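In listed order, ligands and their atoms are each counted from 1. No experiment lies behind these values; they were computed from the predicted model shown.
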Amino acid sequence: MTSRGVVVIGASAAGVAAVEGLRRLGYGDRIVLVGDEPHLPYDRPPLSKQLLSGEWDRDKVQLRTAAAYEELDVELRLGTAAGSLDVAGHRVGLADGTVLGYDHVVVATGVRARTLPGTEGIEGVHVLRTLDDALALTAELAARPRLVIVGGGFIGAEAAAVASGLGCAVVMVTDQRVPLADAVGADIGGMLTEAHRGHDVRMETEALVEAVVSDGSRATGVKLADGRILRADAVLIGIGARPNVEWLKGSGLAVGNGVLCDATLCAAPDRLGGGRCGFLA
Ligand SMILES: Cc1cc2nc3c(=O)[nH]c(=O)nc-3n(C[C@H](O)[C@H](O)[C@H](O)COP(=O)(O)OP(=O)(O)OC[C@H]3O[C@@H](n4cnc5c(N)ncnc54)[C@H](O)[C@@H]3O)c2cc1C
């Protein structure tokens with residue numbers, strides 16, 4: 001087993017902020033940052049805006065340069081998922097078989113995009129959570145497809161704005177009467193809906209998508225609960241996110257819709273150090 005220190009699981013905004021915060025506060029021991037994505041940590045907000053529209057290239061979304069991680073003296077373990085956490089034993093098991101001992105662990109594994117059941121493996125069906133998702137959707141939009149967006153939240157709204165700006169015919173389907181009303185209120189939600197319509201986005205409100213229809217390999221549209229079929233060349237599913245907590249099964253941490261922690265983000269007491277065992281994003 002390798003030496004201890006802090007192991008941060010999840011190499012995204014929260015994980016990087018935790019590393020930087022520790023160094024800023026003078027933590028001088030070993031820090032390992034583990035991420036299952038192969039890329040250097042990147043910023044997600046531009047994925048549905050500047051990256052999707054083609055305004056930025058992929059390098060611009062990086063949170064920090066490779067040199068910055070060297071300066072932080074952080075060991076990067078990218079492209080490797082953490083598969084298990086043993087809180088009592090202070091050990092994290094990685095998918096590549098490595099076991100990392102730690103004095104403190106930070107769980108910052110965030111969320112992943114929800115999908116519609118039955119859409120796995122259908123070409124032309126997208127979600128938008130990761131850099132790879134964004135690059136795949138960007139490539140798809142280059143052909144100016146008819147795009148159906150399932151979900152009327154922020155991701156769907158941003159993608160609709162970008163795709164219609166690029167010249168795609170866009171239909172947004174949401175079960176809400178006023179899209180985004182739950183987040184910004186009915187008045188602002190109504191204004192945003194009109195703005196979309198003003199940009200030729202067709203809004204199908206109070207509508208439920210039952211399934212994605214395909215020709216056997218590629219999406220050809222979506223089927224609504226009222227029986228209508230909306231034809232499409234590509235479908236973006238933006239129906240929220242699920243916490244990445246399955247890998248914590250058996251860890252000893254309390255898990256609900258995320259990891260349960262106290263007001264200081266501590267998830268479990270540190271039996272070895274008398275301080276905190278972990279804090280969470
Ligand atoms: C397209 C898009 C646009 C957005 N726009 C905005 C915006 O405009 N404004 C705003 O405030 N917020 C926005 N957000 C939300 C914002 O990006 C998130 O709040 C932020 O990414 C959360 O960071 P995080 O580090 O907590 O988790 P995440 O970014 O979810 O990162 C978690 C990381 O952990 C990794 N991971 C998961 N399980 C494991 C494991 N077992 N082992 C190792 N690694 C693992 C994941 O792959 C991921 O890299 C947007 C999100 C998206 C997807």
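At under 3.5 Å, a nitrogen or oxygen of Arg129, whether backbone or side chain, sits near a nitrogen or oxygen of ligand 1. For Ala14, a nitrogen or oxygen atom sits less than 3.5 Å from a nitrogen or oxygen atom of ligand 1, counting backbone and side chain alike. For ligand 1, one of its N or O atoms has an N or O atom of Ala13 under 3.5 Å away. Ligand 1 has a nitrogen or oxygen under 3.5 angstrom from a nitrogen or oxygen of Ser12. For ligand 1, the polar-atom distance check finds an N/O of Ala82 within less than 3.5 Å of one of the ligand's N/O atoms.
Only the side chain of Asn244 comes within 4.0 Å of ligand 1, judged by heavy-atom distances. Residue Ile9 touches ligand 1 through its side chain alone, judged by heavy-atom distances below 4.0 Å. Heavy atoms of Ala108 found under 4.0 angstrom from ligand 1 belong exclusively to the backbone. Residue Glu37 touches ligand 1 through its side chain alone, judged by heavy-atom distances below 4.0 Å.
No side-chain heavy atom of Ile31 sits under 4.5 Å from any side-chain heavy atom of Asp73.
Ligand 1 lies out of reach of Arg112, whose nearest heavy atom is not under 4.0 Å from it.
A side-chain contact (heavy atoms from CB on, under 4.5 Å) with Val107 is found for one member of Leu85, Val8, Val255 and no other, namely Leu85. Applying the side-chain contact (heavy atoms from CB on, under 4.5 Å) test between Leu230 and each of Val150, Val173, Val213, Val235 identifies Val173 as the sole match.
Under 4.0 Å is where a charged nitrogen must lie from a carboxylate oxygen, and between Glu206 and Arg177 no such pair does. The existence of a salt bridge linking Arg228 and Glu210 is excluded, since no basic side-chain nitrogen approaches an acidic carboxylate oxygen closer than 4.0 Å. Comment: Arg64 engages Glu20 in a salt bridge, judged by a side-chain N to carboxylate O separation of less than 4.0 angstrom.
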- Task: For side-chain contact (heavy atoms from CB on, under 4.5 Å), just list the numbers for Val32 and Val74, CA-CA rounded to whole Å, side-chain angles, deciding distance to a tenth of an Å, and then say yes or no.
- Result: CA-CA 6 Å; Val32 184; Val74 56; over 6 Å; no
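Between Ile237 and Arg114, the shortest heavy-atom contact is CG2-O, 4.0 Å.
Checking Ile155, Leu248, Val111 against atom 52 (C) of ligand 1, the nearest heavy atom belongs to Ile155.
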